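Bear in mind the structure is a predicted one, so any value in this text is a computation, not a measurement.
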Amino acid sequence: TINRQTPQQLLKNVSVETLVKHHQEHELPDIFSKQKPATGTSDEHHKSYSTQYAYDIYLKKWVLPRWRSYRLSEVKAVDVEAWLKTMPLARGSRAKIRNLMSALFSHAIRWEWTERNPIKSVRQSAKRMRTPDVLTPDEIMALLKNLPEPLRTAAELDAFTGLRRGELIGLQWEDVDFESLVIHVRRSVVMMVQGAPKTEASAKDVPLDAALAESLLKLRLGGPYNRETDWVFASPTMKGKQPLWPETLWRRYGRPAVKAAKIQKR
């Protein structure tokens with residue numbers, strides 16, 4: 001409100017740091033307020049909590065240290081492009097930073113702090129520098145043999161359905177239709193914050209193989225958290241109130257299992 005009452009000529013000296021703080025307040029509200037959003041309170045105009053968290057890291061670690069003191073009018077496309085080339089990051093990460101900076105200037109235009117977005121002229125490829133490693137069926141089976149339950153069933157389900165890990169740990173028993181052999185993808189859990197699946201295409205039914213259905217049924221019948229609204233991969237440490245934490249599982253069981261299976265891929 002104050003900015004709308006400020007003479008336009010005075011806004012020409014707005015710094016990138018000021019813009020970043022204003023952008024964080026309005027576009028990254030959960031991170032700005034240091035509070036995780038309650039379930040079911042997401043705003044369609046706001047980014048997911050995980051995206052806000054990632055943007056906040058990019059801004060603090062990369063954008064602000066380099067451009068903090070610059071005025072908006074001083075940020076030039078050729079300088080940003082040259083800076084991106086020096087960053088020790090993958091092309092995809094550099095492209096994300098480029099897009100984030102473009103979003104910053106779009107925010108400034110929306111609030112009438114500037115009339116131009118120099119980042120639109122910045123060239124930055126997102127093409128992968130190397131082809132991702134893909135596990136063979138034999139490697140998958142060797143990996144599964146070295147994983148304890150319920151991680152084994154989680155990995156089996158993920159390997160044969162391609163669910164994102166947030167969608168995987170976000171499954172509840174009511175989402176698994178054993179009669180029709182279908183999984184209903186209804187939510188994603190990232191950093192223990194529930195949200196919608198990443199894309200509209202993700203929020204669709206996934207066919208369930210009979211062998212997978214059998215593994216899931218054994219898991220449900222043999223576990224203490226088997227009500228319709230319980231998490232399929234519930235955390236015993238949290239007494240079923242939260243799903244398992246992927247990073248913890250990877251450190252405790254994933255790495256040792258990969259090593260035991262003698263898998264040399266990244």
Assign the ring pair His22 / Trp113 to parallel, tilted or perpendicular, where the plane angle (0 to 90°) is split at 30° and 60°.
tilted

Within the side chain of Thr51, is there an N or O that forms a donor-acceptor pair under 3.5 Å with the backbone of Lys47?
no

Take a 6.0 Å sphere around CZ of Arg123 and say whether it holds more than 12 heavy atoms from other residues, nucleotides or ligands.
no

Do Trp231 and Trp173 have ring centroids that are under 6.0 Å from one another?
no

What distance do Leu208 atom CG and Asp177 atom CG have between them, rounded to the nearest 0.5 Å?
9.0 Å

Please determine whether side-chain contact (heavy atoms from CB on, under 4.5 Å) holds for the pair Val193 and Ser50, giving the CA-CA distance in whole Å, both sets of side-chain angles, and the decisive distance to 0.1 Å.
CA-CA 8 Å; Val193 175; Ser50 59; over 6 Å; no

So, are Glu139 and Lys265 salt-bridged, with charged N and O less than 4.0 Å apart?
yes

Does Trp67 reach the side chain of Leu64, with side-chain heavy atoms less than 4.5 Å apart?
no

Could you please spell out the steps behind the side-chain contact (heavy atoms from CB on, under 4.5 Å) verdict for Tyr225 and Lys239?
CA-CA 9 Å; Tyr225 309 110; Lys239 297 182 180 180; 4.1 Å; yes

Val14 and Leu19 have their tightest heavy-atom pair at CG1-N, 4.4 Å

Measuring from Leu100:CG to Tyr58:OH, what's the distance to the nearest 0.5 Å?
9.0 Å

Should Arg68 and Glu74 count as an ion pair when the cut-off is N to O under 4.0 Å?
no

Treating Ile, Leu, Val, Met, Phe, Trp and Tyr as nodes and any side-chain heavy-atom pair under 4.5 angstrom as an edge, say whether Leu84 and Phe105 lie in one connected cluster.
yes

Does a donor on one side chain and an acceptor on the other come within less than 3.5 Å for Ser48 and Gln52?
no

Any non-hydrogen side-chain atom of Arg128 less than 4.5 Å from a side-chain atom of Arg91?
no

Are Glu25 and Lys21 within salt-bridge range, i.e. N to O under 4.0 Å?
no

Determine, for Glu228 against Arg220, whether the closest basic-nitrogen to carboxylate-oxygen distance falls under 4.0 angstrom.
yes

To the closest 0.5 Å, what do you measure between NZ (Lys96) and CZ (Arg94)?
13.5 Å

Looking at side-chain heavy atoms only, is the closest gap between Val189 and Ile169 below 4.5 Å?
yes

Is it possible for you to say whether Val182 and Val232 belong to one hydrophobic cluster, with membership spreading through side-chain heavy-atom contacts below 4.5 Å?
no

More than 12 heavy atoms of other residues, nucleotides or ligands under 6.0 Å from CZ of Arg130: is that the case?
yes

Can you tell me how far CD of Glu149 sits from CG of Leu151, rounded to the nearest 0.5 angstrom?
8.5 Å

Can you check whether Ala95's main-chain N or O pairs, donor with acceptor, with Asn99's side chain at less than 3.5 Å?
yes

Going through the distances and angles, do Ser235 and Gln242 end up as a side chain to side chain donor-acceptor pair (under 3.5 Å)?
CA-CA 6 Å; Ser235 169; Gln242 291 182 358; over 6 Å; no

Does any N or O in the side chain of Asn146 come within less than 3.5 Å of the main-chain N or O of Leu143, such that one atom is a donor and the other an acceptor?
no

Would you check if Leu244 and Pro236 make a side-chain contact, meaning some heavy-atom pair closer than 4.5 Å?
yes

Pair Glu247 + Arg252: basic N to acidic O under 4.0 Å:
no

Of all heavy-atom pairs linking Asp56 and Gln24, the shortest is OD1-NE2, 3.0 Å

According to a hydrophobic-cluster definition based on side-chain heavy atoms being under 4.5 Å apart (Ile, Leu, Val, Met, Phe, Trp, Tyr only), do Leu219 and Ile183 belong together?
yes

Say whether Phe178 and Phe160 are linked into one hydrophobic cluster, either directly or through other cluster members, by side-chain heavy-atom distances under 4.5 angstrom.
yes

When you compare the side chain of Tyr253 with that of Thr248, does any pair of heavy atoms fall below 4.5 Å?
no

Are Phe233 and Thr153 side-chain neighbours, meaning at least one heavy-atom pair lies under 4.5 Å?
yes

Quick one: are Asp138 and Met141 in side-chain contact, heavy atoms under 4.5 Å?
no

Using side-chain contact (heavy atoms from CB on, under 4.5 Å), reason through Val176 and Leu217 one step at a time and then give a plain yes or no.
CA-CA 10 Å; Val176 183; Leu217 187 58; over 6 Å; no

Please tell me whether Ile109 and Val122 are part of a single hydrophobic cluster in this structure, the criterion being side-chain heavy atoms less than 4.5 Å apart.
no

Distance-only side-chain donor-acceptor flag, His107 / His26, under 3.5 Å:
no

Search all heavy atoms of Asp175 against all heavy atoms of Arg186 and return the closest pair with its distance.
OD1-NH1, 2.8 Å

Nearest 0.5 Å, please: how far is CE in Met101 from NZ in Lys120?
15.0 Å

Donor-acceptor under 3.5 Å (Ser33 side chain, Pro29 main chain):
yes

Polar side-chain atom of Asp79 near backbone of Val75 as donor-acceptor pair, under 3.5 Å
no

Rounded at 0.5 Å granularity, tell me how far CG in Leu72 sits from CD in Glu115.
12.0 Å

Closest approach of Leu181 to Ala213 (non-hydrogen atoms, all atoms of both residues)
CD2-CB, 3.6 Å

Using modelled atom types and a 3.5 Å cut-off, is there a donor and acceptor pairing between side-chain atoms of Arg187 and backbone atoms of Gly195?
no

Could you tell me whether the side chain of Val185 reaches within less than 4.5 Å of the side chain of Asp205, counting heavy atoms only?
no

Looking at Ala155 and Leu147, what are the two nearest heavy atoms and their distance?
CB-CD1, 3.7 Å

Please report the C-alpha distance between Asp230 and Arg227 in whole Å, then the side-chain angles of each, then the deciding distance to 0.1 Å, and finally whether the side-chain contact (heavy atoms from CB on, under 4.5 Å) criterion is met.
CA-CA 5 Å; Asp230 284 339; Arg227 295 174 300 179; 3.2 Å; yes

Could you tell me whether the side chain of Thr86 and the main chain of Trp83 form a donor-acceptor pair under 3.5 Å?
yes

When you compare the side chains of Thr229 and Gln172, does any donor N or O come within less than 3.5 Å of an acceptor on the partner?
no

Shortest non-hydrogen contact from Ala234 toward Gly240
CB-CA, 3.9 Å

